[in-house]
Protein chains: 2
Amino acid sequence: MVNTNEINEFMPLREVVFLTLRKSILRGELLPGERLMEISLANKLGVSRTPIREAIRMLEHEGLVVMKPRRGAQVAKITVQELNDVLEVRKSLETLAILKACERMTEENIAAMRRAEKAFEALVADKDSDLTELAEADVAFHDTIYQGTKNRRLIQILANLREQMYRFRIEYLKDAEMRSSLVTEHKAIIEAVCSRDADKAVECITEQIDHQQRAINASIEATSEV
Amino acid sequence: MVNTNEINEFMPLREVVFLTLRKSILRGELLPGERLMEISLANKLGVSRTPIREAIRMLEHEGLVVMKPRRGAQVAKITVQELNDVLEVRKSLETLAILKACERMTEENIAAMRRAEKAFEALVADKDSDLTELAEADVAFHDTIYQGTKNRRLIQILANLREQMYRFRIEYLKDAEMRSSLVTEHKAIIEAVCSRDADKAVECITEQIDHQQRAINASIEATSEV
DNA sequence: CCCAATATTACTGTATACAAAATATTGAGA
DNA sequence: TCTCAATATTTTGTATACAGTAATATTGGG
């Protein structure tokens, strides 16, 4: 819901705090299960407890923190079950998105998608681009598809579901082979969308998510992270 | 995200305020565009501004209120476009839900679904049952399906999308013919799920949503509500 | 009587204060 | 030394206070 990423000086502190905390959680600086203590956060960020609390309410609604009654907030632990729940929903909505994108993408949307893909490809080729950059670029590519659906609610929900999986996406981006296969998959998607071949596009996106699902589950098994 | 509907005395005030305000918005007591002024709400509900503000953060994230910079919150105006966006997503996720329900519903889940249908049918038969009751019963029926998916995230998102349309669901429940056709549709769904006939079930649910979509759009055209 | 400039009000955004509950600590007795 | 209860500390949940800004009312000139 909150999407004005441009930090301007009139942004309420709660927004700044929200963005800061979210980033910390997704980057893994705040670990699952870790308590978010208001006073120490307030001191650390140099604000009072009020904006901290309001930011926590927003994070709670996004599912990144959970409230323990009378114990305050802690970073949500994501279970394998929850991850697969999210992936199940994502698969359905990514399919919807690519279908609608095939119908509705304008030439301008398509051009943006091509540019995003080029940027991603460049980062993959560059040996010392960092994972955060790569993740951002991948997000940017998929965002161009979401934008192409012209469905704001769909865009919002997909963005939110993606957030839930940030840590794991980073994980599978570590694999060089995975990265180059992503490039191939992106290109296939572009081609399908350009020729308005909905079936083909759905096939591509389904494959990509299955791919992700396997990689993520494997990575979880490996680290036995629950 | 917030789903503990049982109001117990240890529920934080922000939850109580959140539920109260949400109900007011969905029931139409707070009209779209109306400002939510913290002090007057605080006085009206007999609490301080703090829990009011936290509840507003939650409503904001749920999309029921929008923040105007330095002007506070106002009830979100829902446009025809947004409504159709929601319906598009809902159709996709209701389809996923019924598919998974066909796979995963236990005998107990099915029994609950039958009970919910019976209750709804009884209310439709009863001439002086009110709309709120009917809406609740319809919600309860569909909830049994959602529960059958065993996918908590899906359950949560569908519940949220449904909230967005509360006002309009009430609208089409006013039509007696609509109500009896709902009963028929519910029965068809039950039959399909019981025989684990996924295709049939998807067909039923798709039809029901198309039905809803037409009714809602008609009702909007009629009242020229934008 | 109308309009513009200014004064006032009302409201949000943020900080702080206070009370109650949960947790940690301490110390006495076995 | 271990256990358990009494006490201290921490932390949340809620209320209130204060500052700055946007909206509104007021006043005075034309």
Side-chain angles (χ1 to χ4, degrees), chain A residues 1-4 6-22 24-25 30-62 64-77, chain B residues 1-22 24-25 30-62 64-76:
Chain A
M1 196 79 355
V2 181
N3 261 333
T4 47
E6 323 89 45
I7 293 191
N8 64 62
E9 65 183 308
F10 295 114
M11 183 183 279
L13 284 184
R14 60 170 179 269
E15 287 291 333
V16 179
V17 173
F18 170 69
L19 292 173
T20 306
L21 292 180
R22 180 163 68 169
S24 295
I25 292 172
L30 289 167
L31 296 169
E34 193 167 333
R35 285 182 69 185
L36 296 179
M37 278 177 303
E38 298 169 5
I39 296 174
S40 55
L41 286 176
N43 293 338
K44 194 168 295 177
L45 300 178
V47 299
S48 79
R49 280 177 60 210
T50 306
I52 301 281
R53 286 180 64 82
E54 300 197 3
I56 287 175
R57 290 291 85 71
M58 299 193 266
L59 292 166
E60 179 190 3
H61 225 286
E62 209 157 74
L64 289 175
V65 313
V66 294
M67 297 303 294
K68 298 277 174 183
R70 299 187 206 268
R71 294 236 46 209
Q74 60 180 65
V75 179
K77 295 179 192 171
Chain B
M1 197 79 357
V2 181
N3 262 333
T4 48
N5 276 15
E6 325 88 46
I7 293 191
N8 64 61
E9 65 182 307
F10 295 114
M11 182 183 278
L13 283 183
R14 61 170 179 270
E15 287 291 333
V16 179
V17 173
F18 170 70
L19 293 174
T20 305
L21 291 181
R22 181 163 69 169
S24 294
I25 293 172
L30 289 168
L31 296 168
E34 194 169 329
R35 285 182 69 186
L36 296 179
M37 278 178 304
E38 297 170 5
I39 296 174
S40 54
L41 285 175
N43 292 339
K44 193 168 296 178
L45 300 179
V47 300
S48 81
R49 281 176 59 211
T50 307
I52 300 282
R53 286 180 65 83
E54 300 196 4
I56 286 175
R57 289 293 84 71
M58 299 193 265
L59 291 166
E60 178 190 4
H61 223 285
E62 208 158 74
L64 289 176
V65 313
V66 296
M67 298 303 294
K68 299 278 173 180
R70 297 186 207 269
R71 293 238 45 210
Q74 60 181 65
V75 179

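In what follows, every chain begins at residue 1, and chains take the letters A, B, ... in the order their sequences are listed. Being a predicted model, the structure only gives us computed values, none of them experimental.
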Any side-chain heavy-atom pair of A:E15 and B:M67 under 4.5 Å: no
Nearest-nucleotide comparison on DNA chain C, the residue closer to the 5′ end among A:P69 and A:R14: A:R14
Gap between atoms CD1 and P, on B:I39 and C:dT9 respectively (whole Å): 15 Å
A:R71 CZ - D:dT10 P separation (whole Å): 15 Å
Atom pair distance, as rounded to whole Å: CD in A:E15 and P in C:dT12: 17 Å
Between D:dT14 (P) and A:I56 (CD1): distance, integer Å: 14 Å
With 3.5 Å as the limit, what N/O pairs link the protein to nucleotides 15-19 of chain C?
{"residue": "C:dA15", "atom": "OP2", "partner": "A:S48", "partner atom": "N", "Å": "2.7"}
{"residue": "C:dA15", "atom": "OP2", "partner": "A:S48", "partner atom": "OG", "Å": "2.9"}
{"residue": "C:dA15", "atom": "N7", "partner": "A:T50", "partner atom": "OG1", "Å": "2.7"}
{"residue": "C:dA17", "atom": "N6", "partner": "A:R49", "partner atom": "NH1", "Å": "3.4"}

Interatomic distance where CG belongs to B:L36 and P belongs to C:dT12 [whole Å]: 9 Å
Side chains of B:R14 and B:V17 in contact at under 4.5 Å (non-hydrogen atoms): no
Worked check of side chain to side chain contact (heavy atoms under 4.5 Å, CB included) between B:R22 and B:L19: CA-CA 5 Å; B:R22 181 163 69 169; B:L19 293 174; 3.7 Å; yes
Protein-nucleotide distance (B:I52, atom CD1; C:dC11, atom P), rounded to Å: 14 Å
B:R70 side-chain N/O to D:dA22 phosphate OP1/OP2 under 4.0 Å: yes
Over all atoms of both residues, closest heavy-atom pair of A:L31 and A:V75: O-CB, 3.3 Å
Plane angle bin for A:F18 and B:H61 - parallel if under 30°, tilted between 30 and 60°, otherwise perpendicular: perpendicular
Interatomic distance where NZ belongs to A:K68 and C1' belongs to C:dA21 [whole Å]: 17 Å
Worked verdict on B:R57 versus B:E54 for salt bridge (Lys or Arg N to Asp or Glu O under 4.0 Å): CA-CA 5 Å; B:R57 289 293 84 71; B:E54 300 196 4; over 6 Å; no
A:R53 side-chain N/O to D:dG13 phosphate OP1/OP2 under 4.0 Å: yes
Rounded interatomic separation in angstrom, taking CD from B:Q74 and C1' from C:dT12: 14 Å
Which atom of A:L21 lies closest to which atom of A:A55, heavy atoms considered: CD1-CB, 4.5 Å
